[in-house]
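Have a look at the structure below before the remarks.
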Number of protein chains: 2
Amino acid sequence: MTEPKAKPLRADAQRNRDQVLAAAARAFAKCGLEATLEGIAKDAGVGIGTLYRHFPTREALIEAAYRKELATVCEAAPELLDKLPPAEALRAWMDRFADYLHTKMGMADALRAIIAAGANPYDHSLELLVGAIEPLLAAGVASGELRSDISADDVLMSLSGVALAAGDRRDQAGRLLDLLLDGLRYRA
Amino acid sequence: MTEPKAKPLRADAQRNRDQVLAAAARAFAKCGLEATLEGIAKDAGVGIGTLYRHFPTREALIEAAYRKELATVCEAAPELLDKLPPAEALRAWMDRFADYLHTKMGMADALRAIIAAGANPYDHSLELLVGAIEPLLAAGVASGELRSDISADDVLMSLSGVALAAGDRRDQAGRLLDLLLDGLRYRA
DNA sequence: CAGTTAAGCGGAGGCACCTCCGGATATCAA
DNA sequence: TTGATATCCGGAGGTGCCTCCGCTTAACTG
């Protein structure tokens, strides 16, 4: 999970990167999303330039800071698939995802940027999410509950769009996710 | 359409407001959304403070600048309803809306804020949109094509979520809107 | 161990955002 | 017409964002 990557960083670079990430996690936990990048850099004991080299945008930093938690949400997918019929498992996972976004609204904007960017195939979080959705969707298609002409990408896009648009009105988000799932159910 | 409001502005205030709005429209048309507020203020011949008094946030200014165009999109709803069966009319209107957002991506963030704000009942654009969707939805329910347990608010939320999340991938947005409409169709 | 060099560092600087408040002025009452 | 005053104006200033580039140093070589 501490990805080695193609290019191993120089020792000092790796150390600084970790310190920035730790400081960012602290700052976001304490101040929410409006934590200043300069403050994070100072707290990490590095210059602002160093922070920007490692994380070229605010979103990149947030994304990296929350990646581990996001992975946890994604890992719940297989478990749900064990316990529930595919369509229900998908719906339940959507709820987990929406809950997560709801508690970490800070992540919302970052996520929107990540997903909207779309084009970047190296983005880890995006893979993570698509990877979580794919088995759920495939199982639903196999069991005949879900239509087969929608990709995991599309589901993610709709899901995140709905979750982000609904913002903090969690009940409304729930209704919209029901609606989304209805659209996904197979019809002759 | 040039709402008189409860409090008629003082003559100079009204004049300044109009000039700012005109400058904003010019700036957004020319530079897209990254037009600077300071530049707009200067172009309008007012101080930055005046701009901020009239439009406390960037979104407020954008919203005001695009309100007229948005109204045009909304006015298309009844016409579509005349020409098409309700569900198709709704779908066609969604396309208009998505097209609009697509050409004016600048508006996207503003719209997201407007819709996410939600709580502000005085927001004119929100009323406009809900007012456009409501008849389409009602006609669909009346004809039995669409389910009756979804509100125009919910439709707007899903629609905008999808359109915004899809960003500039217009084809994907189209698929997602199809999906949304499938969810809206009546099922026993 | 000493030399080389590519990678990394960091903060000064320029730009935009937004707030705040002393001065200006439209409006109204007398 | 002449104050009185509520309203509005505008830009200086404090803050954060992000870029750029000269200096530093880890890592590698012989």
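Sequence lines set the chain letters: A, B, ... in the order given, protein chains first and strands last, and positions in each chain run from 1.
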Non-hydrogen atoms of B:Ala87 and B:Arg185 that approach each other most closely: CB-NH1, 3.6 Å

Interatomic distance where [atom1] belongs to [X] and [atom2] belongs to [N] [whole Å]:
| X | N | atom1 | atom2 | result |
| --- | --- | --- | --- | --- |
| A:Asp18 | C:dG8 | CG | P | 14 Å |
| A:Phe55 | D:dC17 | CZ | P | 15 Å |
| A:Leu51 | C:dG8 | CG | P | 15 Å |
| A:Gln19 | C:dC9 | CD | P | 10 Å |
| A:Leu61 | D:dC17 | CG | P | 11 Å |
| B:Arg53 | D:dG11 | CZ | P | 12 Å |

Please report, to 0.1 Å, the donor-acceptor pairs under 3.5 Å made by any side chain of residues 16-27 of chain A, with sequence neighbours excluded.
residue: A:Asp18; atom: OD1; partner: A:Gln14; partner atom: NE2; Å: 3.0
residue: A:Asp18; atom: OD2; partner: A:Gln14; partner atom: NE2; Å: 3.4
residue: A:Arg26; atom: NE; partner: A:Asp43; partner atom: OD2; Å: 3.3
residue: A:Arg26; atom: NH2; partner: A:Asp43; partner atom: OD2; Å: 3.2

Within residues 142-154 of chain A or reaching into it, pairs that qualify as side chain to side chain donor-acceptor pair (under 3.5 Å) - sequence neighbours excluded: A:Ser143-A:Glu145, A:Arg147-A:Asp149, A:Arg147-B:Asp182, A:Asp154-B:Gln172, A:Asp154-B:Arg175

Side chain to side chain donor-acceptor pair (under 3.5 Å) contacts touching residues 85-95 of chain A (sequence neighbours left out): A:Arg91-A:Asp95, A:Arg91-A:Asp178, A:Asp95-A:Arg170

Protein proximity profile, nucleotides 22-30 of chain D - base contact B, sugar-phosphate-only contact S, no contact -, cut-off 4.0 Å on heavy atoms: ---BSS---

Short side-chain N/O contact from B:Asn16 to OP1 or OP2 of D:dC9, under 4.0 Å: yes

OP1 or OP2 of C:dC9 under 4.0 Å from side-chain N/O of A:His54: yes

Close approaches to DNA chain D from residues 35-50 of chain A, in residue order (heavy atom, under 4.0 Å): A:Thr36, A:Leu37, A:Glu38, A:Ile48

Sequence neighbours excluded, every pair satisfying ring pair (Phe, Tyr, Trp, His ring centres under 6.0 Å) that has a member inside residues 22-41 of chain B: none

For A:Glu134, all residues meeting side-chain contact (heavy atoms from CB on, under 4.5 Å), sequence neighbours excluded: A:Val130, A:Ala152

Note, B:Val162 side chain near B:Met94 side chain (heavy atom, < 4.5 Å): no

Sugar-phosphate only, base, or nothing, as touched by A:Arg58 at under 4.0 Å among non-hydrogen atoms: sugar-phosphate

Residues that A:Glu69 engages under salt bridge (Lys or Arg N to Asp or Glu O under 4.0 Å), provided they are two or more places apart: A:Lys104

Counterpart residues, salt bridge (Lys or Arg N to Asp or Glu O under 4.0 Å), relative to A:Arg10 (two or more places apart): A:Asp12

